[in-house]
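Reviewing the structure listed below.
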Amino acid sequence: MPTIKTNEGPAWRKRTPLKQWLVWAGWLIGLCIAVYAWQLISEKTIWMFVFDAPSQMADIGKRMAPPDWSYMSKLWRPVWDTLNIATIGTAIAMVLAVPVAFLAAHNTTPHKSVRAAMLFIIVASRSVNSLIWALLLVVIVGPGVLAGTIAIGIRSIGGCAKLIYESIEEIDQKQVEAIKATGGSRAQQMIYGIVPQILPTIAGVGVFRWDINVRGSTILGIVGAGGIGIQLNASINVLAWTQVSTILIVILGTVFVSEYISAKVRGAII
Amino acid sequence: MLRLQNLSKRYKTGDLALNNVSLEIPDGQLVALIGPSGAGKSTLIRCVNRLVDATGGYIYLGDREINSLSSKELRRVRRRMGMIFQEYALVERLTVMENVLSGRLGYVNFWQSLFRKYPKESVHEAYRLLDRVDLMHMVDKRADELSGGQRQRVGICRALIQDPELLLVDEPTASLDPKTSRQIMRLIRELCAERGLAAIINIHDVALAQMFSERVVGLKQGEIVYDGSPEGLTPDVLTEIYGKEDWEKTIEKAEDDDAMLDNGVPA
Amino acid sequence: MNQEASHYAETWKKPHFIKSSFLRYSIYLATIAYFFLAIYTMEVNWTRVAEGIPRGADMISKFFPPDLSDSRGVILDGILESIWMAVIATIGGILLSVPIGLGAARNLAPTWIYLFCRGIIAVSRTFPAVILAIFSVKFFGFGPFAGFVALSIETIGFFAKLLAEDIENMSKSQAEAVRATGASWLQWINYAIQPQVLPRMIGLSMYRLDINFRESAVVGIVGAGGIGAHLLTSVQRYEYATTATVLISIIAIVITLEYTSGYLRKWVQ
């Protein structure tokens, strides 16, 4: 932190004048972007509806209470489907993510071009939301749980592989060197030097991803890809608000339970 | 017998780590390699088993030239050389037994190593070695549960189970306290004597080098500047290797320590 | 070697991660049973799958090469709407996160405020953005405003929680040192808390912008503005060239955002 000269002698400032100026400029640009974005959004907004929102909320709120508990009995199957989409999807993703991660990490990849291809697969899989993947898969394999499961799988490959390859790049290279020095082959260096170091990460990533995927698979039904989202969508379309509130409560419960399980399992692994 | 002939190593950064080093180590000889940091000690050891590839010269283990080996032949030669590391370099999350058995990786195929199906003789030998270094009670412990001295003893077992002709030892005591350092050095010396092994030991500590080796090689900026008996390390020689410093005390201390340890007085 | 020392064992087995063999086999069995049941109850119409394969091949072929002409300009329009929605939702969400995060920090707020703020955070973290967007659309009408509200609430769940945890974990001595100088509450926040938290927050806000953009591309599926609506119609009308263009644009923008945020984070720290 510099001291600068002023008329009253040296004075302390947190930043140099130029840097201070840049920081202000940064804030100003940020403000302009915000104002511009807001203007664009508000142009496309019918404000009458927005001002009417409180009464809408009160109205729908009133219609949602009390939840239709009898509808619960029809929700067990969708919940089971939802959990299966998340679990099998995560399992598929993990099986594929581990080799992708090994091919993508700079210390285990066979070639730079392979690494580049894998990094592209990772970013492409992560960029596109599972709901979009589901939308496409419904066209290909037809509506149902299968489309949802594959969608969750495709979306999760990137997320899992990214975390795993980062941890492969951060391993302690000396342990690998020691295995190399005993005359171990490349494959042996991998299973003795690298895998033990990243195994806890792999397990942690799987559980972490499963938790995210349970949440994600509750909505896939909106595009017809199975799970409880199908019931949610149907009930909203026919304005059966008491059923909607039941479904929301069930989703809430499922997510809490999955979060609890994943926290427990992660605690046991690490 | 290990023979280095005009060995040179220049790193990609342009640093010349080894400059025309020639050295001959007969079977069963314990050689301490001393020198300041950056003198090329570690590079020299790593060139021998080609963890680092030399840029010039020849390395002969017996009558086999090592620098020109293909990767398959290299595996066979590496298992004839055991390496002991500065910070142990054990695989932290594997058990003590797995770490010791990993010394046999050069002898078993992929599936045997994956399923931990080592030949009976190897397992037997692993137990024998662990008993020899007093670690029988630690067989199923994970390596990261061990103390520094214990880990280094596991590292020694891993090197010895390779049934090597030569030990490459890289700063074995750098992360250990003085007492444990002496115990480890003593153990290495005893085991080499038992098996008639030759060894190159990189070591920072001049006093330890004098105590435990029969020959000392001094390295400075990648060149050998001293090669002789431990007794020959006079203050002048040390000044030549490390630069100006009061060396009388170091040498006296080594003699005192050695006498004390030989009399069995605890350090 | 030493022949007489033959009393050493000749076999060794790695100790199992789960020591009790009963528990271990129960877990194996339960896992197998679960996967069997899960796959068994998955109703797959294989004739439908077979019919879809050529359609899938057609879709994939449209990516090579993609049609980037966007003759009617709707794709660019939708993408821009998604970007601005993400930007404004990130900014709005962060601004709202500050009071809620402060309120959700146990060492700052009274209990009833604490519980209220934690409740908001819990709800926004439990429900996916799309569910919030469905309700937003019901309340505020179709269009990007609904998406903005849904994404803002998601952002609050993310930031307010982090902020609250940061404040709770923050070194107390540093905060007390400032308080001891006789500073007011606001000054205390400004000097003791802000410098510790701000650099990390800027990095995280870029990260959140990235997430918000990806989400903004899907809320359109339920009518909450952005590119999602075009994506949905393009798929329904079998206009896979448009689908491909949209997907490629999304991926390109996410990559750009990731690089920018990487640079910005380095610059801030």
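Throughout, protein chains are lettered first and strands after them, A, B, ... in sequence-line order, and every chain is numbered starting at 1.
- Using a 4.5 Å cut-off between heavy atoms, B/E92 touches chain A through backbone and side chain atoms alike.
- Counting non-hydrogen atoms of neighbouring residues, nucleotides and ligands closer than 6.0 angstrom, the OH atom of B/Y58 reaches no more than 12 such neighbours.
- What you find for B/L51 and A/E177 is that their closest heavy atoms are CD1-CG, 3.5 Å.
- Heavy-atom distances place both the backbone and the side chain of B/L114 under 4.5 Å from chain A.
- Remark: A/Y260 OH is loosely packed, at most 12 non-hydrogen atoms of other residues, nucleotides or ligands lying under 6.0 Å away.
- Note that CE of B/M81 is 11.5 Å distant from OG1 of A/T182, once rounded to the nearest 0.5 Å.
- Heavy-atom contacts from other residues, nucleotides or ligands closer than 6.0 Å to CG of B/D63 number 12 or fewer.
- Under the 4.5 Å side-chain criterion, counting only non-hydrogen atoms from C-beta, A/K180 is in contact with B/R78.
- When heavy atoms are compared at a cutoff of 4.5 Å, B/E87 approaches chain A by way of both its backbone and its side chain.
- For the atom pair A/I191 CD1 and B/L105 CG, the distance stands at 7.5 Å (nearest 0.5 Å).
- When heavy atoms are compared at a cutoff of 4.5 Å, B/R158 approaches chain A solely by way of its side chain, counted from C-beta outward.
- For chain A, the nearby part of B/F85 is the side chain; its heavy atoms alone come within less than 4.5 Å.
- In this structure, A/G183 and B/R75 approach most closely via the heavy-atom pair O-NE, 2.7 Å.
- Considering only heavy-atom pairs separated by less than 4.5 Å from chain A, the leading option among B/L90, B/L168, B/N109 is B/L90.
- Between A/K174 and B/A89, the shortest heavy-atom distance links the atoms O-CB, 3.6 Å.
- Between the side chain of B/R93 and the backbone N or O of A/Q197 there is no donor-acceptor pair closer than 3.5 Å.
- The closest side-chain heavy-atom distance from B/S71 to A/R186 is not below 4.5 Å.
- For a residue to count as touching a neighbouring chain, one of its non-hydrogen atoms must lie under 4.5 Å from one of that chain's; by this rule B/R46 touches chain A with the side chain only.
- With a 4.5 Å cut-off on non-hydrogen atoms, B/V77 does not touch chain A at all.
- A distance-only check finds a donor-acceptor pair linking the side chain of A/Y192 to the backbone of B/S113 [under 3.5 Å].
- Counting non-hydrogen atoms of other residues, nucleotides and ligands closer than 6.0 Å to OH of B/Y60 gives a total above 12.
- In this structure, no portion of B/N99 lies under 4.5 Å from any heavy atom of chain A.
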